[in-house]
Amino acid sequence: MRIGVDIDEVLAEFAPALMEYHNATYGTSLSKRDITTYNLWEVWGGTREQAVQKVRDFQASEQFRSIQPVQGSQQATQQLRNNHELFVITSRLEDFIPETKQWIAAHFPSTFSEMRVANYFSQQNPQRSKKDICDQLGVDLLIDDCFQYAAECVSPARQVLLMDAPWNQQSSLPQGILRVHSWEDILARCHIICST
């Protein structure tokens, strides 16, 4: 099976590090649970452009380079790669590919066949849809934390595991999207999917 894996909140504890940076820089007292939407300007206030710039500033910081892996992600992906081909599929910007590749190499060595970036929120470079990336790579299963991307990518030929987060609390999920709460859940679901 070919499995696409998002980075932020699936492999990397991006939101806690971002909130820590924002609190230190702007004097706020926010945590991950305060992020109930990906439209961060609705969380922080200000404009969309200001929010995008804040995230870019964070991505240029030392805190970004020292993000910790999600609990259980390293062991689980090592286990999955024994029987499946894994790909990183992220919405991160092209501008931060070198830092992202270094982080993946440091925390997930020899785990992923390839990394593709969707370049969402780019102000200059073209964006790509995660669906198109999944289609190009022949991904059978996507693991992501964003409901919008999950809904875009699910198909009769592709299931999506949605990592539970404050910003994806839809009351019901479309067929083919399953909510998971940990990498232990993900491993169990992958076992079920492979055996059907």
- prompt: Is there a side-chain contact between Leu162 and Leu178, using heavy atoms and a 4.5 Å cut-off?
  reply: no
message: Regarding Asn23 and Ser29, do their side chains bring together a donor and an acceptor under 3.5 Å, going by distance alone?
response: no
- prompt: Just wondering, do Tyr149 and Ser129 contact through their side chains at under 4.5 Å, heavy atoms?
  reply: no
query: Nearest 0.5 Å, what's the CG-CG distance between Asp145 and Leu161?
result: 12.5 Å
field: Minimum-distance pair of heavy atoms, taken over all atoms of Val154 and Arg158
entry: CG2-O, 3.4 Å
- prompt: Hey, are Gln78 and Thr111 close enough side-chain-wise for a donor-acceptor pair under 3.5 Å?
  reply: yes
- request: Side-chain contact test, heavy atoms from C-beta onward, threshold under 4.5 Å: evaluate it for Val139 versus Ile89 and give yes or no.
  value: yes
field: Phe58 reachable from Leu11 in the ILVMFWY side-chain graph, under 4.5 Å edges
entry: yes
query: Phe14 and Met163: same hydrophobic cluster, using ILVMFWY side-chain contacts below 4.5 Å?
result: yes
field: For Ala15, side chain to side chain contact (heavy atoms under 4.5 Å, CB included) partners two or more places apart
entry: Glu9, Lys32, Ile35, Trp167
Counterpart residues, ring-ring contact (aromatic ring centres under 6.0 Å, His included), relative to His22 (two or more places apart): Tyr26, Trp44
Steps toward salt bridge (Lys or Arg N to Asp or Glu O under 4.0 Å) verdict (Arg116, Glu114): CA-CA 7 Å; Arg116 297 276 184 99; Glu114 191 177 338; 2.5 Å; yes
task: Please report the C-alpha distance between Asp185 and Arg179 in whole Å, then the side-chain angles of each, then the deciding distance to 0.1 Å, and finally whether the salt bridge (Lys or Arg N to Asp or Glu O under 4.0 Å) criterion is met.
output: CA-CA 9 Å; Asp185 281 357; Arg179 185 177 299 279; over 6 Å; no
Glu99 versus Phe64, closest heavy-atom pair with distance: CB-CE2, 4.0 Å
- prompt: Ignoring hydrogens and geometry, is there a side-chain-to-backbone donor-acceptor pair from Asp34 to Ser31 under 3.5 Å?
  reply: yes
query: Do side-chain atoms of Arg81 reach the backbone of Ser110 as a donor and acceptor pair under 3.5 angstrom?
result: yes
message: Within this structure, what is the CD-CD1 distance for the pair Gln170 and Ile177, rounded to the nearest 0.5 Å?
response: 8.5 Å
- prompt: Got a second to check how far Leu142's CG is from Leu137's CG, nearest 0.5 Å?
  reply: 10.5 Å
task: Would you check if Ile3 and Ile143 make a side-chain contact, meaning some heavy-atom pair closer than 4.5 Å?
output: yes
- prompt: Do we see a donor-acceptor contact under 3.5 Å between the side chains of Gln102 and Arg65?
  reply: no
field: Heavy-atom closest pair, residues Cys134 and Cys153
entry: SG-SG, 4.2 Å
- prompt: Is there a side-chain contact between Met115 and Phe87, using heavy atoms and a 4.5 Å cut-off?
  reply: no
message: For Ser113 and Glu85: C-alpha separation, side-chain torsions, deciding distance, then whether side chain to side chain contact (heavy atoms under 4.5 Å, CB included) applies.
response: CA-CA 7 Å; Ser113 296; Glu85 189 170 9; 2.9 Å; yes
task: May I ask you to check whether Asn168 and Gln148 show a side-chain donor-acceptor distance below 3.5 Å?
output: no
task: Report the residues that fulfil salt bridge (Lys or Arg N to Asp or Glu O under 4.0 Å) with Asp140, sequence neighbours left out, ordered by chain and then residue number.
output: none
- prompt: According to a 4.5 Å side-chain heavy-atom criterion applied to Ile, Leu, Val, Met, Phe, Trp and Tyr, with indirect links allowed, do Leu187 and Phe108 form part of one hydrophobic cluster?
  reply: yes
query: Cluster question for you: counting only ILVMFWY and a side-chain heavy-atom cut-off of under 4.5 Å, with indirect links fine, are Val180 and Ile193 together?
result: yes
query: Should we count CD of Gln175 as having more than 12 external heavy atoms under 6.0 Å?
result: no
query: If you group Ile, Leu, Val, Met, Phe, Trp and Tyr by side-chain heavy-atom gaps below 4.5 Å, do Ile67 and Ile97 land in one group?
result: yes
message: Can you give me the closest heavy-atom contact between Trp183 and Val10, atom names plus distance?
response: NE1-O, 2.8 Å
- line: Applying salt bridge (Lys or Arg N to Asp or Glu O under 4.0 Å) to Arg33 and not counting sequence neighbours gives none
task: Find out whether Ile7 and Ile104 are in side-chain contact, i.e. whether some heavy atom of one side chain is under 4.5 Å from a heavy atom of the other.
output: yes
message: I'd like to check the side chain to side chain donor-acceptor pair (under 3.5 Å) partners of Thr100; sequence neighbours left out, ordered by chain and number.
response: Arg92
- request: Consider only side-chain N and O atoms of Gln136 and Asp132, and report whether a donor and an acceptor are under 3.5 Å apart.
  value: no
- request: Mind checking the CG-CG spacing from Leu18 to Asp8? Nearest 0.5 Å is all I need.
  value: 9.5 Å
- request: Please report the C-alpha distance between Gln169 and Asp164 in whole Å, then the side-chain angles of each, then the deciding distance to 0.1 Å, and finally whether the side chain to side chain contact (heavy atoms under 4.5 Å, CB included) criterion is met.
  value: CA-CA 8 Å; Gln169 295 303 303; Asp164 189 63; 2.9 Å; yes
Cys190 vs Leu141 side-chain heavy atoms within contact, under 4.5 Å: yes
- request: Under the side chain to side chain contact (heavy atoms under 4.5 Å, CB included) rule, collect the residues that match up with Thr25, sequence neighbours excluded.
  value: Tyr21
- request: Take Lys131 and Glu152, measure what salt bridge (Lys or Arg N to Asp or Glu O under 4.0 Å) needs, and give me the verdict at the end.
  value: CA-CA 6 Å; Lys131 178 189 181 305; Glu152 166 190 303; over 6 Å; no
query: Does some side-chain heavy atom of Trp41 sit less than 4.5 Å from a side-chain heavy atom of Thr47?
result: no
Non-hydrogen atoms of Ala118 and Lys130 that approach each other most closely: CB-CG, 4.3 Å
field: For Pro69 against Glu13, the heavy-atom pair lying closest together
entry: O-CG, 3.9 Å
